[in-house]
There are 2 protein chains.
Amino acid sequence: MTTIKEVARRAGVAPASVTRALSGHPNVSDELRQKVLAAVAETGYKPDLLAAGLRSRSSRCVGIIVSDLINPLLAEVVHYMEMAISQAGYTVLLANSHGDPARDTDSVHTLHQRRVDAIAVMCVDERNAELQQALAGFPGPVVLLDREIPSCETASAVVSDHYRGTYRLTEHLLEAGHREILYLGGLLDTTHVGRERLRGFQAALADHGLEMRPDLLRASRAVAQAGRDVIAELLDRDALPSAIVVGPNPFVPGVLTELHARGVRVGQDVALASLDDTPLAVLHQPPVTALSRSMDELARVAARLLLDQLAGSRIQPRTVVLPVEVQLRPSTAVTAEAVAQNRSRRRSGRRRASGDGAPGLRRGAGAAV
Amino acid sequence: MTTIKEVARRAGVAPASVTRALSGHPNVSDELRQKVLAAVAETGYKPDLLAAGLRSRSSRCVGIIVSDLINPLLAEVVHYMEMAISQAGYTVLLANSHGDPARDTDSVHTLHQRRVDAIAVMCVDERNAELQQALAGFPGPVVLLDREIPSCETASAVVSDHYRGTYRLTEHLLEAGHREILYLGGLLDTTHVGRERLRGFQAALADHGLEMRPDLLRASRAVAQAGRDVIAELLDRDALPSAIVVGPNPFVPGVLTELHARGVRVGQDVALASLDDTPLAVLHQPPVTALSRSMDELARVAARLLLDQLAGSRIQPRTVVLPVEVQLRPSTAVTAEAVAQNRSRRRSGRRRASGDGAPGLRRGAGAAV
DNA sequence: TTGAAAGCGCTAACAA
DNA sequence: TTGTTAGCGCTTTCAA
């Protein structure tokens with residue numbers, strides 16, 4: 001590997017002049033620059049960024065901590081953040097927590113040791129005290145994405161307006177007469193997302209004179225099987241409510257799979273709404289009502305915040321709230337009353353044609369409503 | 001930030017002894033180790049990995065180049081690779097090419113300059129000469145994922161058996177009597193995936209005495225809109241064939257959207273198969289036949305190859321081929337004959353109820369087959 | 001088993 | 001405008 005010394009020797013100049021010529025230093029003569037560029041071209045010299053970082057005390061790297069890259073929505077955020085970050089001349093160090101809060105903390109330490117200039121955080125558990133401490137000890141700017149850590153005063157945050165989105169989605173169900181609504185969320189209190197969504201759901205219920213029923217509140221890590229299990233269990237107990245609000249997008253396939261398997265018709269025997277929008281929600285028959293938001297925008301705003309702070313503008317850390325849209329689709333175009341009728345009609349239909357293999361609500365699940 | 005000097009001073013030992021104590025050097029007395037560990041605990045010392053990397057000539061970082069992280073399948077590979085790599089004590093540098101071949105090359109240079117110990121490559125265009133040259137100039141191990149660069153003798157490769165998978169999928173359609181099959185692929189010759197899939201498709205045709213019809217071969221970058229456009233154009237020309245093979249998963253939503261919009265019933269008015277499996281393919285009504293493979297396994301095998309080479313076992317670079325499964329589903333459970341019948345029945349049906357707004361094949365698309 | 005010295009490759013600070 | 005010198009924080013080498 002050619003070093004700066006070798007280039008300097010060939011060009012007949014000092015190593016520092018090579019640095020200056022290559023880094024666009026203002027006071028460099030054309031002649032010197034020519035000599036240096038020629039020597040660089042000859043040798044194929046590429047500066048060692050490890051050494052440069054050590055000396056200049058800036059690695060020009062940004063760390064991204066993500067709770068679970070297998071979630072396409074989070075992958076999308078990383079995608080767009082990487083775009084903005086690399087465009088600004090920084091390289092991304094990626095740390096994936098795989099749903100384990102301890103890894104969040106480890107990642108901050110590792111990134112710190114690798115001397116990244118800034119960190120973007122989509123952690124598993126924002127309440128984790130060790131994580132908070134590790135972030136507080138990190139010297140550079142920190143931006144949280146859909147997370148909030150009030151204790152961490154050096155951190156900016158970009159969040160979607162999950163409260164408002166979920167409130168309006170729930171309101172839509174309540175206005176269709178639904179009084180028993182299953183809320184199937186991710187971990188409810190580890191992140192801003194989980195917390196605000198549940199808060200929006202509860203507020204909408206309260207404004208319609210309803211309380212959250214503990215038996216209709218389910219939460220678990222955002223893995224597909226969980227969605228399936230919850231629906232299966234409710235159907236087994238003949239306790240499927242007339243409407244379902246399902247949170248993190250990994251649950252959606254599981255919920256739909258189990259409903260199909262049991263012959264429960266979405267949009268007829270149950271109303272279904274998702275708090276994340278996906279191609280599946282759009283293309284399912286019937287299409288599924290969902291909350292949508294721009295992960296692109298989330299990423300761009302977060303990257304801008306980080307890069308501005310890195311560029312030295314002494315911007316105060318701040319919180320940006322981005323809008324969430326309700327995408328109304330046929331899966332919720334059914335009133336509670338219609339759900340009850342559909343279920344009882346199917347029940348009696350099955351009785352008439354008893355013993356046939358046609359799919360239908362098992363064990364008269366409609367009676368539970 | 002505490003440095004090794006400060007720790008050494010506190011422990012009353014030499015800096016080199018701190019390194020030895022912390023790095024598990026064999027010849028270190030218990031006493032010295034205790035003193036060092038105490039000083040480390042007191043100060044919260046964390047070694048500067050930039051400096052360590054500079055001196056030891058190994059950054060303990062691995063670069064991953066990915067053509068487009070927004071593709072959930074690629075994100076999944078990155079997810080599992082990161083898992084294996086970080087478990088081995090390495091940190092991942094992520095470089096996303098956003099579909100631009102020039103960025104592939106840039107990324108290799110950047111990662112090289114950042115002194116990563118190895119590179120995993122899912123590039124946009126494996127034929128790119130600059131990329132090949134950049135990879136050849138990289139001193140560490142290189143592993144290609146679903147890519148092949150014969151010229152690069154230092155690179156291992158892990159590929160899925162796209163040829164065999166696509167062959168069998170196509171055979172399945174041919175056996176149902178389909179003779180006009182649209183092949184809607186990604187860029188056909190820039191990667192092993194694209195090339196092998198097309199080769200498998202053509203081989204299956206050839207073995208049934210058919211040639212590839214240029215008007216039934218479409219290719220474009222793997223973005224959603226492309227799928228939609230191709231179907232729209234074919235329907236506009238009344239030229240939709242009886243079966244469709246659609247390649248990269250981003251096309252699938254577009255294809256389905258357009259078919260739905262035009263009232264073409266998948267599995268009745270057209271047979272549809274996808275070369276990538278997704279939750280959408282599984283949960284679509286009717287479910288869509290697709291090729292599936294384990295991205296998890298792909299990633300693990302690739303990571304193992306890289307890490308083994310890093311661990312010094314002088315393994316020859318080699319190519320590993322992983323299996324691809326055909327998931328038969330109802331979307332292809334329709335013969336060419338049935339497609340023709342369905343289309344003409346719908347056509348006459350529409351004629352009887354002419355002028356109504358019901359969805360149906362426009363302009364008698366069935367006649368084209 | 002431990003310490004002292006050197007130096008990885010670069011850039012900042014200062015001097016010319 | 002350019003060169004010289006020093007040193008970022010660590011690990012390696014060599015000597016004790």
Side-chain angles (χ1 to χ4, degrees), chain A residues 1-37 39-40 43-61 89 91 109-110 112-117 139-140 312, chain B residues 1-37 39-40 43-61 89 91 109-110 112-117 139:
Chain A
M1 208 62 214
T2 356
T3 70
I4 200 170
K5 274 188 183 168
E6 169 68 8
V7 174
R9 202 184 53 72
R10 290 216 188 204
V13 302
S17 292
V18 176
T19 295
R20 282 190 282 254
L22 293 180
S23 67
H25 191 92
N27 292 342
V28 174
S29 70
D30 266 357
E31 193 201 339
L32 188 140
R33 177 172 291 110
Q34 294 312 324
K35 284 194 290 187
V36 168
L37 291 180
V40 166
T43 56
Y45 168 68
K46 301 267 174 175
D48 180 329
L49 266 24
L50 243 43
L54 172 59
R55 178 64 242 235
S56 66
R57 323 196 114 282
S58 156
S59 64
R60 296 196 71 80
C61 285
T91 297
H109 286 138
T110 304
H112 188 160
Q113 288 193 67
R114 297 219 176 260
R115 297 297 182 261
V116 297
D117 295 338
Chain B
M1 209 61 213
T2 353
T3 69
I4 201 170
K5 273 187 183 169
E6 170 67 9
V7 175
R9 203 186 52 74
R10 291 219 189 202
V13 303
S17 292
V18 175
T19 295
R20 283 190 280 255
L22 293 180
S23 66
H25 191 92
N27 292 344
V28 174
S29 70
D30 265 358
E31 193 200 340
L32 187 138
R33 178 173 290 112
Q34 293 311 323
K35 285 194 288 187
V36 168
L37 290 180
V40 166
T43 56
Y45 168 68
K46 302 265 175 172
D48 180 329
L49 267 24
L50 242 43
L54 172 60
R55 180 61 242 234
S56 66
R57 322 195 118 291
S58 155
S59 64
R60 295 196 71 80
C61 285
T91 297
H109 287 138
T110 303
H112 188 160
Q113 288 192 67
R114 298 221 175 258
R115 299 295 183 261
V116 297
D117 294 338

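Note on naming: letters A, B, ... go to the chains in the order of the sequence lines (proteins, then strands), and numbering restarts at 1 for each one.
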Without decimals, in angstroms, what is the distance between [X] [atom1] and [N] [atom2]?
X	N	atom1	atom2	answer
A:L54	D:dC8	CG	C1'	4 Å
B:R60	D:dT11	CZ	C1'	14 Å
A:N27	C:dT11	CG	C1'	16 Å
B:R33	C:dT1	CZ	P	10 Å
B:K5	D:dC10	NZ	C1'	10 Å
B:H25	C:dG3	NE2	P	13 Å
B:I4	C:dT2	CD1	P	15 Å
A:R114	D:dG9	CZ	P	17 Å

So [X], base contact, sugar-phosphate only, or nothing? Heavy-atom distance under 4.0 Å.
X	result
B:T19	base
A:A16	base
B:V13	sugar-phosphate
A:V28	sugar-phosphate
A:L50	nothing

(message) If you compare all heavy atoms of B:S59 against all heavy atoms of B:V116, which two are closest, and at what distance to 0.1 Å?
(response)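 Of all heavy-atom pairs spanning B:S59 and B:V116, the closest is OG-CA, 3.5 Å.
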(message) From C-beta outward on A:L32, which listed nucleotide comes closest to its side chain: C:dC10, D:dG3, D:dC10?
(response)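 Selected nucleotide: D:dG3.
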At under 4.0 Å, does any side-chain N or O of [X] touch on OP1 or OP2 of [N]?
X	N	value
A:R55	D:dA6	no
B:S17	C:dG3	yes
A:S56	D:dC8	no

(request) Calculate, to the nearest 0.5 Å, the distance between atoms CG and CG belonging to A:D48 and B:L54 respectively. (result)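 A:D48 atom CG to B:L54 atom CG measures 6.0 Å (nearest 0.5 Å).
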(message) For B:T91 and B:R60, which I'm curious about, is there any donor-acceptor pair between the side chains at under 3.5 Å?
(response)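 Result is no, nothing qualifies.
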(message) Measuring only between side-chain heavy atoms, which start at C-beta, is B:K46 closer than 4.5 Å to A:H109?
(response)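 They are in side-chain contact.
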(message) Counting C-beta onward and ignoring hydrogens, is there a side-chain heavy-atom pair between A:H25 and A:V28 closer than 4.5 Å?
(response)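 Counting from C-beta outward, A:H25 and A:V28 do come under 4.5 Å.
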(message) What I want to check is whether an N or O donor and acceptor connect the side chain of A:R20 with the base of D:dG3 at under 3.5 Å.
(response)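 Indeed, a donor on one side and an acceptor on the other fall under 3.5 Å apart.
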(message) Check this for me: does the side-chain of B:R115 come within 3.5 Å of the base of C:dG9 through a donor and an acceptor?
(response)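 When only heavy-atom distances are counted, B:R115 does not reach the base of C:dG9 through any donor-acceptor pair under 3.5 Å.
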